[in-house]
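Contents: one structure, followed by commentary.
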Amino acid sequence: QVQLVESGGGSVQAGGSLRLSCEVSGPTPSSNCMGWFRQAPGKEREGVAAIYRGSGSTYYDDSVRGRFTISQDDRENRIYLQMNSLKPEDTAMYYCAATDFGSWYLTQPPYTYKYRGQGTQVTVSS
């Protein structure tokens, strides 16, 4: 059974940085897609970033492009989300997600992926 466990959330001031980590366990293909999505109270889910693990290709939502970086560490079976220049509007619960399949999912919102973790809270104060 696939399990995703996020860590690294916290509270920072605007302009600060955080790095989220997602550990993957269970039978996932090495060439699947993984990503991050977020949801703030009273708002809809929003795709943040995704990575196709077969090639390392990435996709970002316009709201985070240039500030966030998604990366993978296959040796440790983890993905990361480096978040810089954080803004109060980035405040949300952040979820890691994974698919069973490949590159086609790269441009699909990660909240549509089959597997997801429990989330980690990110709070950015002004």
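- Residues Arg65 and Asp62 are paired through a salt bridge, judged by an N-O separation under 4.0 Å between the basic side chain and the carboxylate.
- Summarising the geometry of Met83 relative to Leu86, their closest heavy-atom pair is CB-CD2, 3.8 Å, with the distance given to 0.1 Å.
- Distance check, rounded to the nearest 0.5 Å: CD1 of Ile51 to CD1 of Ile70 gives 5.5 Å.
- Follow the hydrophobic side-chain contacts under 4.5 Å out from Met93 and you never reach Tyr115; the two are in separate clusters.
- Among pairs with a residue in residues 55-81, none fulfils ring-ring contact (aromatic ring centres under 6.0 Å, His included), at least two apart in sequence or across chains.
- The distance from atom CE of Met34 to atom CZ of Arg78, rounded to the nearest 0.5 Å, is 11.0 Å.
- For the pair Arg45/Pro109, no side-chain contact is recorded, criterion being any heavy-atom separation below 4.5 Å from C-beta on.
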Notebook entry, point to check: Can you check side chain to side chain contact (heavy atoms under 4.5 Å, CB included) on Phe101 and Asn32, steps first, answer last?
Noted result: CA-CA 5 Å; Phe101 304 106; Asn32 65 335; over 6 Å; no
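- For the residue pair Arg38 / Tyr94, a side-chain donor-acceptor distance below 3.5 Å is found, with atom types taken as modelled.
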Item checked: From CA spacing to verdict: side chain to side chain contact (heavy atoms under 4.5 Å, CB included), Thr58, Thr69 -> CA-CA 9 Å; Thr58 57; Thr69 302; over 6 Å; no
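- The closest side-chain donor-acceptor pair between Tyr113 and Asp100, if any, does not fall under 3.5 angstrom.
- With contacts defined as side-chain heavy-atom distances shorter than 4.5 Å, the pair Tyr52/Ser31 qualifies.
- In terms of heavy-atom proximity, Ala40 sits nearest to Ala92 at N-CB, 3.9 Å.
- Closest approach of Cys33 and Gly102 over heavy atoms only: SG-O, 3.2 Å.
- Each side chain to side chain donor-acceptor pair (under 3.5 Å) pair with one or both residues in residues 6-20, not counting sequence neighbours, appears once here: Ser17-Asn84.
- Contact of the Val5 side chain with the Cys22 side chain is not registered, since no non-hydrogen atoms from C-beta on lie closer than 4.5 Å.
- Summarising the geometry, atom CD belonging to Gln39 is positioned 8.5 Å from atom CD belonging to Glu44; distances are rounded to the nearest 0.5 Å.
- Between the side chains of Ser85 and Arg67, no donor N or O sits under 3.5 Å from an acceptor N or O.
- The CD atom of Gln108 sits 11.0 Å away from atom OG of Ser103, with the distance rounded to the nearest 0.5 Å.
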Notebook entry, point to check: What do the steps show when you test Asn77 against Val24 for side chain to side chain contact (heavy atoms under 4.5 Å, CB included), and what is the final call?
Noted result: CA-CA 6 Å; Asn77 226 21; Val24 185; 4.0 Å; yes
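- Contact check for Glu46 versus Tyr111: no side-chain heavy atoms found under the 4.5 Å cut-off.
- Distance check, rounded to the nearest 0.5 Å: CD of Gln121 to OG1 of Thr91 gives 7.5 Å.
- Under the 4.5 Å side-chain criterion, counting only non-hydrogen atoms from C-beta, Leu81 is not in contact with Leu18.
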Notebook entry, point to check: Under the side chain to side chain contact (heavy atoms under 4.5 Å, CB included) criterion, do Ile79 and Cys96 qualify, and how do the steps go?
Noted result: CA-CA 9 Å; Ile79 66 166; Cys96 177; 4.0 Å; yes
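- Crowding of Gln118 atom CD: a count of heavy atoms from other residues, nucleotides or ligands under 6.0 Å not exceeding 12.
- Residues Glu23 and Leu4 fail the side-chain proximity criterion, which asks for heavy atoms closer than 4.5 Å.
- In this structure, Val48 and Asp61 have side chains that are not in contact, with every pair of non-hydrogen atoms separated by 4.5 Å or more.
- The two residues Pro88 and Ser126 come nearest to each other via the heavy atoms CG-CB, 3.9 Å.
- Between atom OH of residue Tyr105 and atom OG1 of residue Thr99 there is a gap of 7.0 Å, rounded to the nearest 0.5 Å.
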